[in-house]
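Given the structure is predicted, the values throughout are model-derived calculations rather than measurements. In what follows, chains carry the letters A, B, and so on, assigned in the order in which the sequence lines appear, proteins first and then strands, with residues in each chain numbered from 1.
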Protein chains: 2
Amino acid sequence: MAQAQTLSRNQQIVLNIIEKAKGPLKAYSILFNVQKKGINAPQQIYRALDKLIEMGKIHKIESKNAFVACRSSDCEISKATAFSICESCEMVDEISDTKLSKYLSSFNHKKGMKFKRFNLEFFGLCKKCK
Amino acid sequence: MAQAQTLSRNQQIVLNIIEKAKGPLKAYSILFNVQKKGINAPQQIYRALDKLIEMGKIHKIESKNAFVACRSSDCEISKATAFSICESCEMVDEISDTKLSKYLSSFNHKKGMKFKRFNLEFFGLCKKCK
DNA sequence: TTATCATTGTTATAATATAACGTTTGTTAT
DNA sequence: ATAACAAACGTTATATTATAACAATGATAA
Ligand SMILES: [Zn+2]
Ligand SMILES: [Zn+2]
Ligand SMILES: [Zn+2]
Ligand SMILES: [Zn+2]
């Protein structure tokens, strides 16, 4: 059962940076940004990232090894994620489309696999770049 | 226009290993497997992998940083890929489902982005593991 | 031939991520 | 309050994944 989540100090620092960013952030870029706050080691970043992902506060963009804040309030703990990614400017936008989400959540593989989670990444050129 | 592709020596070696494998292979695991064939450096592997991906002969499983051979003859140069991934045994299966593919290929983001490509990864437990 | 282009081999290094260990802090139960 | 436990922390070291840079070779075509 999901309880009201209280963030630890490091988790809050990392989340703030990611939320303020315009695009996806990489772990070491986050690290360099928080060294003034006394966080010095990759482990501290990765631990915070792991927890934030568990909580559904952020998502990992797998094709970029980078992290974005969750912008969709109804995104249930990263079980069903979809993103549009611009191949030119690197912009990433979280897609919350109920139909898409339902379609994929109910998709069942012929070979008898039952899915718990999916991640979908679209690539192309955003409005600005096309 | 796609021409009949001729593979170079290194490309062929790497493809053979990936095709013979039961599951996804990581770049360095491929490297260790081909050192007897005179390939000694990561660059040689990554270069072959890049070309093979371009040709649509293999795909990268982004969430695992690993590579699988393309099993679906109608998979057009990795423009529309979908996989089911077992979180227990690491099995990966390429999904070729025309409906799914059409649905996603025609999916258009509200914000005006036109997609060229997508990659979808489902996670769960395979038949054996559930 | 000469130019051009893909591929190769090689060394070095960058970028991403985890292991392992001990300490500190926060929570819960008595 | 205090003991017990779990979560988070700080730190050092190391593992894993990926690219840069450069020189040599091989294949293709004007
Ligand atoms: Zn989300
Ligand atoms: Zn763009
Ligand atoms: Zn394929
Ligand atoms: Zn399995």
Side-chain angles (χ1 to χ4, degrees), chain A residues 1-18 21 23-68 87 90 92 119 121, chain B residues 1-18 21 23-68 87 90 92 119 121:
Chain A
M1 171 52 200
Q3 72 221 19
Q5 291 285 7
T6 265
L7 298 182
S8 75
R9 177 186 141 81
N10 288 2
Q11 287 160 14
Q12 189 65 66
I13 290 171
V14 170
L15 180 57
N16 285 344
I17 303 259
I18 297 176
L25 289 184
K26 303 205 150 217
Y28 276 75
S29 139
I30 295 168
L31 176 56
F32 299 140
N33 271 285
V34 299
Q35 292 192 318
K36 50 199 160 209
K37 294 223 167 86
I39 298 184
N40 303 299
Q43 266 289 8
Q44 296 174 280
I45 303 298
Y46 282 103
R47 283 198 286 228
L49 290 171
D50 286 347
K51 290 300 178 180
L52 291 167
I53 288 169
E54 271 182 26
M55 295 174 198
K57 302 277 190 189
I58 65 172
H59 304 299
K60 181 172 188 180
I61 306 301
E62 295 288 358
S63 61
K64 300 175 85 65
N65 298 315
F67 304 86
V68 295
E87 286 176 311
E90 314 270 281
V92 169
N119 179 55
E121 299 182 0
Chain B
M1 175 51 200
Q3 73 222 19
Q5 293 284 6
T6 265
L7 298 183
S8 76
R9 178 186 140 81
N10 287 2
Q11 287 158 15
Q12 190 63 66
I13 290 171
V14 169
L15 180 57
N16 285 346
I17 302 259
I18 297 176
L25 289 185
K26 304 206 150 217
Y28 276 76
S29 140
I30 295 169
L31 176 56
F32 299 141
N33 270 285
V34 299
Q35 291 193 317
K36 51 199 158 211
K37 295 222 166 88
I39 299 183
N40 303 300
Q43 266 290 9
Q44 297 174 281
I45 303 299
Y46 282 103
R47 283 198 286 228
L49 291 172
D50 287 347
K51 293 295 179 185
L52 292 168
I53 288 170
E54 272 182 26
M55 295 174 197
K57 301 276 189 192
I58 65 171
H59 304 298
K60 181 172 186 180
I61 307 300
E62 296 287 358
S63 61
K64 300 174 85 66
N65 299 316
F67 305 85
V68 295
E87 287 177 309
E90 314 269 282
V92 169
N119 179 54
E121 299 182 1

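- B/Arg9 comes within contact range of the sugar-phosphate backbone alone, with a heavy-atom separation under 4.0 Å but no base atom that close.
- The CD atom of A/Gln35 sits 12 Å away from the P atom of D/dT11 (whole-angstrom rounding).
- For the pair A/Gln44 CD and D/dG10 P, the interatomic distance rounds to 5 Å; values are reported in whole Å.
- Listed candidates were C/dT7, D/dA18, C/dA17. Nearest to the side chain of B/Tyr28 is D/dA18.
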**Request:** Run the numbers on A/Ile53 and A/Phe67 for side-chain contact (heavy atoms from CB on, under 4.5 Å), then give the verdict.
**Result:** CA-CA 9 Å; A/Ile53 288 169; A/Phe67 304 86; 3.9 Å; yes
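- Residue B/Lys26 places its side chain closer to D/dT17 than to any other of C/dA12, D/dT11, D/dT17.
- Within the structure, a side-chain polar atom (N or O) of B/Tyr46 is placed less than 4.0 Å from OP1 or OP2 of D/dA18.
- The only member of A/Val92, A/Ile58, A/Leu25 that meets side-chain contact (heavy atoms from CB on, under 4.5 Å) when paired with A/Val68 is A/Val92.
- In terms of phosphate contacts, B/Asn65 brings a side-chain nitrogen or oxygen within less than 4.0 Å of OP1 or OP2 of D/dA18.
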**Request:** Starting from the C-alpha separation in whole Å, work towards a yes-or-no answer on side-chain contact (heavy atoms from CB on, under 4.5 Å) for B/Gln44 and B/Leu31.
**Result:** CA-CA 9 Å; B/Gln44 297 174 281; B/Leu31 176 56; 6.0 Å; no
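- Across every strand in view, C/dT30 sits in a pair with D/dA1 that passes the Watson-Crick or G-U test at under 3.5 angstrom.
- Rounded to whole Å, atom P of C/dT8 lies 12 Å from atom CG of B/Asp50.
- Put simply, CZ on A/Arg47 is 9 Å from C1' on D/dT11, counting in whole angstrom units.
- Between the C1' atom of D/dT11 and the CG atom of A/Leu31 lies a distance of 13 Å, rounded to the nearest Å.
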**Request:** Output, in order, the C-alpha distance, side-chain angles, deciding distance and verdict of side-chain contact (heavy atoms from CB on, under 4.5 Å) for B/Leu7 and B/Met55.
**Result:** CA-CA 10 Å; B/Leu7 298 183; B/Met55 295 174 197; 3.4 Å; yes
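- In this structure, A/Ser8 reaches the D/dC9 phosphate: one of its side-chain N or O atoms is under 4.0 Å from OP1 or OP2.
- Neither OP1 nor OP2 of C/dA19 sits under 4.0 Å from any side-chain N or O of A/Gln43.
- Nucleotide C/dT8 holds its P atom 11 Å from the CD atom of B/Gln12, rounded to whole Å.
- Distance, A/Ile45 CD1 to D/dC9 P: 11 Å, rounded to whole Å.
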**Message:** As a quick check of understanding, evaluate side-chain contact (heavy atoms from CB on, under 4.5 Å) for A/Gln11 and A/Ile13, giving each step before the final call.
**Reply:** CA-CA 6 Å; A/Gln11 287 160 14; A/Ile13 290 171; over 6 Å; no
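- Mapping B/Pro42 and B/Asn10 onto DNA chain C by nearest heavy atom places B/Asn10 at the nucleotide closer to the 5' end.
- A/Lys60 has a side-chain polar atom (N or O) that falls below the 4.0 Å cut-off from OP1 or OP2 of C/dA17.
- Comparing B/Lys51 and A/Phe67 by the nucleotide of DNA chain C that holds the closest heavy atom to each, the one mapping nearer the 5' end is B/Lys51.
- Nucleotide D/dA7 holds its P atom 12 Å from the CD atom of A/Gln11, rounded to whole Å.
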